[in-house]
Trainee: 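Got a structure for you, written out below as structure tokens; questions coming shortly.
Counting convention: from 1, in listed order, for ligands and their atoms alike. Positions are given from 1 along the sequence.
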Amino acid sequence: MIGRVIVMKFGGTSLGDARHIREVVEIVRRQLPARPVVVVSAHAGVTDALLEVAARAPLGDATTEPIAARHRQILVDLDLPHQLLDPLLGELHDLARGLRLVGAASAKARDLLVSYGERCSARTVAAALGAGGIPATAVDAFAAGLRTDSAFGRARPLPDDGRIEQAIAAVPGVPVVTGFIAADELGNVTTLGRNGSDYSAALFGAALRATEIQIWKDVDGVRTADPRLVPEARPIRRMGFTEVCELASFGSKVLHPAAMVPAMQAGIPMSVRHTEAPDAPGTHIEADVAVPHGAVRAIAHRAGMALVTVQSDRLVPQHAFLGRVFGELASLHGELGPVAVSEAAVTVALDRHAAGPAAARLGLLGEVGIEPDRAVVGVVADVAAIEHGAAAAVFDTLQKQGIPVRCAGQGARGGTLAVVVAETDLSRTVRALHQRFFAEVGS
Ligand code: ADP
Ligand code: ASP
Ligand code: MG
């Protein structure tokens with residue numbers, strides 16, 4: 001038995017440079033009595049840069065040199081040996097060269113390539129903790145027993161049988177575990193999808209029966225809207241797991257949509273904390289947070305969507321048509337937004353990149369139309385709020401702003417109303433709805 005621990009996850013921005021990493025060392029130091037297991041993302045921008053290498057490899061001009069230079073600079077700025085990462089950076093260099101020679105990067109090769117971001121940052125953070133007098137050891141999540149299926153790029157975890165706890169218990173000092181990555185049963189490196197380190201933190205937290213899962217970010221908690229669109233959006237002090245799931249699944253980038261599930265199932269509270277203001281309370285997420293009756297809680301949004309409509313030729317019965325449409329949609333892997341079903345047509349919002357493949361498949365079932373450049377805005381609320389006036393208020397606000405709504409739908413638990421608007425109207429929509437629901441209310 002490992003005994004009681006807390007999981008502390010630090011995101012890419014919180015590990016973006018030496019200054020931030022030094023702050024992280026102090027945050028961990030303060031929590032040493034609670035026995036932290038640290039989970040880290042790659043330094044900000046590194047995953048994007050690695051994916052760019054994978055995308056360019058087939059063109060023959062992919063180089064990992066700027067990525068290697070960035071890592072060495074962080075080591076120098078931290079007064080750590082600049083060769084610390086040379087073995088890993090050498091492997092990365094060779095891998096990129098291999099992809100150039102082959103002229104292709106499969107999903108499997110891409111996952112292996114991007115894994116170096118988290119593998120490097122875990123070693124740097126462990127070394128920085130060590131230099132700060134806190135013994136620590138970097139651990140790759142695959143060596144710590146995190147197993148997934150083989151769906152490269154969006155792998156799903158396999159049940160843990162106690163091996164994670166066993167592996168972590170054997171680690172000397174503070175374990176600094178890589179977020180985002182894992183391995184399938186054959187030992188191939190996999191990734192959990194963009195922003196997956198939040199999910200890793202929750203998976204490790206659940207496997208270790210942690211007392212708390214702390215997600216440290218560059219923002220002072222979950223706010224009533226994305227502060228990049230609505231700077232005056234306020235942090236929400238306490239939230240229930242379900243509403244945070246709704247917020248994340250309707251596009252809010254603040255947490256990975258799957259991250260709440262392991263914590264919720266294991267009954268472990270989560271918190272979202274600000275690395276730049278470590279004493280601020282942040283957002284506390286728990287099962288039994290009583291959501292104020294009739295309250296609108298937050299506005300989520302997702303850009304980069306398209307609407308695809310398929311019209312039945314009425315040669316097949318309606319139920320068979322619907323069955324086939326959803327069968328085709330099930331075989332696509334992108335995120336689905338609101339779906340509108342009318343007597344002989346289905347309109348679905350989906351990821352822009354999935355629109356072409358979806359239209360090709362649905363074209364076999366009827367006439368298809370694509371509306372590109374759409375966005376989904378979700379108003380996350382208590383069910384009672386949606387039923388008693390919030391839905392009307394959403395449409396009223398958008399009508400007053402002259403923003404056309406193309407399609408609308410309710411979340412699985414009835415507590416979110418989502419509307420599809422033109423992407424050019426996205427920030428206006430989020431701001432107008434935030435103003436309408438949060439102008440005078442305290443948080
Ligand atoms: P990390 O790299 O630490 O995982 P991310 O950049 O993935 O952090 O997520 C934090 C960002 O999420 C914030 O900087 C903020 O811009 C964005 N965000 C989107 N919606 C919200 C929201 N409702 N509350 C807080 N932040 C949000
Ligand atoms: N580094 C990964 C990403 O950028 C995972 C994460 O940061 O959570 O998506
Ligand atoms: Mg993130």
Side-chain angles (χ1 to χ4, degrees), residues 8-16 20 23-24 27 39-52 67 110-111 113-122 141 153-155 177-182 189-204 214-237 239 243-259 270-276 280 282-283 285 296-303 377-380 416 426-427 430 433-434 437-438 443:
M8 304 178 76
K9 178 256 166 174
F10 295 93
T13 318
S14 310
L15 301 170
H20 282 92
E23 284 168 6
V24 164
I27 291 171
V39 175
V40 294
S41 293
H43 307 297
V46 167
T47 305
D48 287 333
L50 289 166
L51 285 170
E52 180 72 15
I67 298 171
R110 205 162 46 229
D111 272 6
L113 191 92
V114 291
S115 74
Y116 284 89
E118 270 68 12
R119 290 157 81 178
C120 287
S121 83
R154 51 183 172 79
V177 188
T178 55
F180 181 50
I181 66 174
V189 173
T190 56
T191 63
L192 301 172
R194 294 307 305 267
N195 279 321
S197 300
D198 299 335
Y199 193 17
S200 306
L203 291 167
F204 280 103
Q214 302 177 348
I215 309 284
W216 290 83
K217 292 200 175 255
D218 65 339
V219 64
D220 52 359
V222 179
R223 290 192 180 202
T224 46
D226 186 343
R228 282 175 292 202
L229 288 191
V230 186
E232 69 275 17
R234 282 186 298 263
I236 309 169
R237 293 285 162 248
M239 296 187 82
E243 53 178 346
V244 183
C245 281
E246 289 278 290
L247 189 65
S249 56
F250 277 90
S252 169
K253 290 275 188 297
V254 68
L255 282 167
H256 186 286
M270 290 179 89
S271 58
V272 178
R273 309 275 300 267
H274 194 356
T275 330
E276 303 273 329
T283 298
I285 307 168
V296 171
R297 300 285 279 163
I299 316 282
H301 72 271
R302 189 195 300 283
V377 177
V379 176
V380 179
T416 301
L426 173 61
S427 40
V430 175
L433 291 174
H434 193 271
F437 291 114
F438 297 101
S443 62

Trainee: How close does the nearest protein non-hydrogen atom get to atom 7 (O) of ligand 1, and which residue and atom is it?
Mentor: Asn195 OD1, 3.0 Å

Trainee: As a test of understanding, state which of Ser200, Ser41, Ser14 forms a side-chain contact (heavy atoms from CB on, under 4.5 Å) with Lys9.
Mentor: Ser41

Trainee: Can you tell me the protein heavy atom closest to atom 24 (N) of ligand 1 and the distance?
Mentor: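 Scanning the protein heavy atoms, the shortest distance from atom 24 (N) of ligand 1 goes to Arg223 N, 2.8 Å.
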
Trainee: Side chain, backbone, both or neither: which part of Ile215 has a heavy atom under 4.0 Å from ligand 1?
Mentor: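 Ile215 to ligand 1: no contact under 4.0 Å from either part.
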
Trainee: Provide the closest heavy-atom pair for Val430 versus Ala225 in the form atom of the first, atom of the second, distance.
Mentor: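 That closest heavy-atom pairing would be CG1-CB, 4.3 Å.
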
Trainee: Do any N/O atoms on Val222 end up under 3.5 angstrom from N/O atoms on ligand 1?
Mentor: no

Trainee: Please answer whether the main-chain N or O of Val272 pairs with a side-chain N or O of Lys217 as donor and acceptor at a distance below 3.5 Å.
Mentor: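 Between the backbone of Val272 and the side chain of Lys217 there is no qualifying donor-acceptor contact (under 3.5 Å).
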
Trainee: Atom 13 (C) of ligand 1: which of Val254, Thr47, Asp218 has the nearest heavy atom?
Mentor: Asp218

Trainee: Residue-level breakdown please: for Ala225 versus ligand 1, do any non-hydrogen atoms fall below 4.0 Å on the side chain, on the backbone, on both, or on neither?
Mentor: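 Ala225 to ligand 1: backbone contact only, side chain stays beyond 4.0 Å.
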
Trainee: Quick one: do Ile285 and Leu255 satisfy side-chain contact (heavy atoms from CB on, under 4.5 Å)? Show the steps, please.
Mentor: CA-CA 12 Å; Ile285 307 168; Leu255 282 167; 4.0 Å; yes

Trainee: Using the side-chain contact (heavy atoms from CB on, under 4.5 Å) definition, which of the options Val380, Val379, Leu247 pairs with Thr416?
Mentor: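 Running side-chain contact (heavy atoms from CB on, under 4.5 Å) over Val380, Val379, Leu247 with Thr416 returns exactly one hit, Val380.
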
Trainee: Quick one: does Gly196 get a heavy atom under 4.0 Å from ligand 2?
Mentor: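 Distance cut 4.0 Å: Gly196 passes for ligand 2.
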
Trainee: Can you tell me if an N/O/S atom from Asn195 lies under 2.8 Å from the Mg ion (ligand 3)?
Mentor: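 Short answer: yes, at least one N, O or S atom is under the cut-off.
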
Trainee: For atom 17 (C) of ligand 1, tell me which residue out of Arg228, Lys217, His301, Lys253 has the closest non-hydrogen atom.
Mentor: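 Looking at heavy atoms only, the winner is Arg228.
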
Trainee: Relative to the heavy atoms of Gly12, which atoms of ligand 1 are at a distance of less than 4.0 Å?
Mentor: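 Selected atoms, number and element: 2 (O).
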
Trainee: Looking only at heavy atoms, is any part of Arg234 under 4.0 Å from ligand 1, and if so is it the side chain, the backbone, or both, or is it neither?
Mentor: neither

Trainee: Salt-bridged, Lys253 to Asp198, with N to O below 4.0 Å?
Mentor: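 Not counted as a salt bridge, because no side-chain N and carboxylate O are separated by less than 4.0 Å.
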
Trainee: Which pair of non-hydrogen atoms, one from Arg234 and one from Phe438, has the smallest distance, and what is that distance?
Mentor: NH2-O, 3.0 Å

Trainee: Quick one: which of Ile215, Val244, Thr283 gives a side-chain contact (heavy atoms from CB on, under 4.5 Å) with Met270?
Mentor: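 When Ile215, Val244, Thr283 are each tested with Met270, the side-chain contact (heavy atoms from CB on, under 4.5 Å) holds only for Ile215.
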
Trainee: Between His20 and Thr275, is any side-chain donor less than 3.5 angstrom from a side-chain acceptor?
Mentor: no

Trainee: Are Gly221 and ligand 1 in contact, using a heavy-atom cut-off of under 4.0 Å?
Mentor: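 Gly221 counts as a contact of ligand 1 under the 4.0 Å cut-off.
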
Trainee: With a cut-off of 4.0 Å, which atoms of ligand 2 are near a heavy atom of Thr47?
Mentor: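 Going through ligand 2 atom by atom, the ones under 4.0 Å from Thr47 are 1 (N), 2 (C), 3 (C), 4 (O).
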
Trainee: Minimum heavy-atom separation for Ile181 to Arg119, with atom names?
Mentor: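 So the minimum-distance heavy-atom pair works out to CD1-CG, 3.8 Å.
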
Trainee: Is there at least one pair of N or O atoms, one from Ser252 and one from ligand 1, spaced under 3.5 Å apart?
Mentor: yes

Trainee: Heavy-atom contacts with Gly11 under 4.0 Å: which atoms of ligand 1 show up? List them by number with element.
Mentor: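 Per the distance check, 1 (P), 2 (O), 3 (O).
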
Trainee: List every atom of ligand 2 that sits less than 4.0 Å from any heavy atom of Ser41, numbering the atoms from 1 in the order shown and giving each element.
Mentor: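 Counting atoms of ligand 2 from 1, those under 4.0 Å from Ser41 are 6 (C), 7 (O), 8 (O).
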
Trainee: Is there a donor in the side chain of Thr190 and an acceptor in the side chain of Asp111, or the other way round, less than 3.5 Å apart?
Mentor: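 Short answer, no.
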
Trainee: Could you tell me if any non-hydrogen atom of Pro227 lies under 4.0 Å from any atom of ligand 1?
Mentor: yes

Trainee: Looking at every heavy atom in both Val40 and Ser121, which two are closest together, and how far apart are they?
Mentor: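 Scanning both residues, the minimum pair turns out to be CG2-OG, 3.5 Å.
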
Trainee: Using a strict cut-off of 4.0 Å, indicate which atoms of ligand 2 neighbour a heavy atom of Ser197.
Mentor: 5 (C), 6 (C), 7 (O), 8 (O)

Trainee: Under a 4.0 Å heavy-atom limit, does Asp226 contact ligand 1 with its side chain, its backbone, both, or neither?
Mentor: both

Trainee: Could you tell me whether ligand 2 has any atom less than 4.0 Å away from a heavy atom of Glu118?
Mentor: yes

Trainee: Starting from atom 4 (O) of ligand 2, find the nearest protein heavy-atom neighbour and note its residue, name and distance.
Mentor: Arg194 NH2, 3.0 Å

Trainee: I'd like to know if the side chain of Arg302 reaches the main chain of Ser249, judged simply by a donor and an acceptor atom lying under 3.5 Å from each other, with no hydrogens or angles considered.
Mentor: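 Here the side-chain-to-backbone pair exists.
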
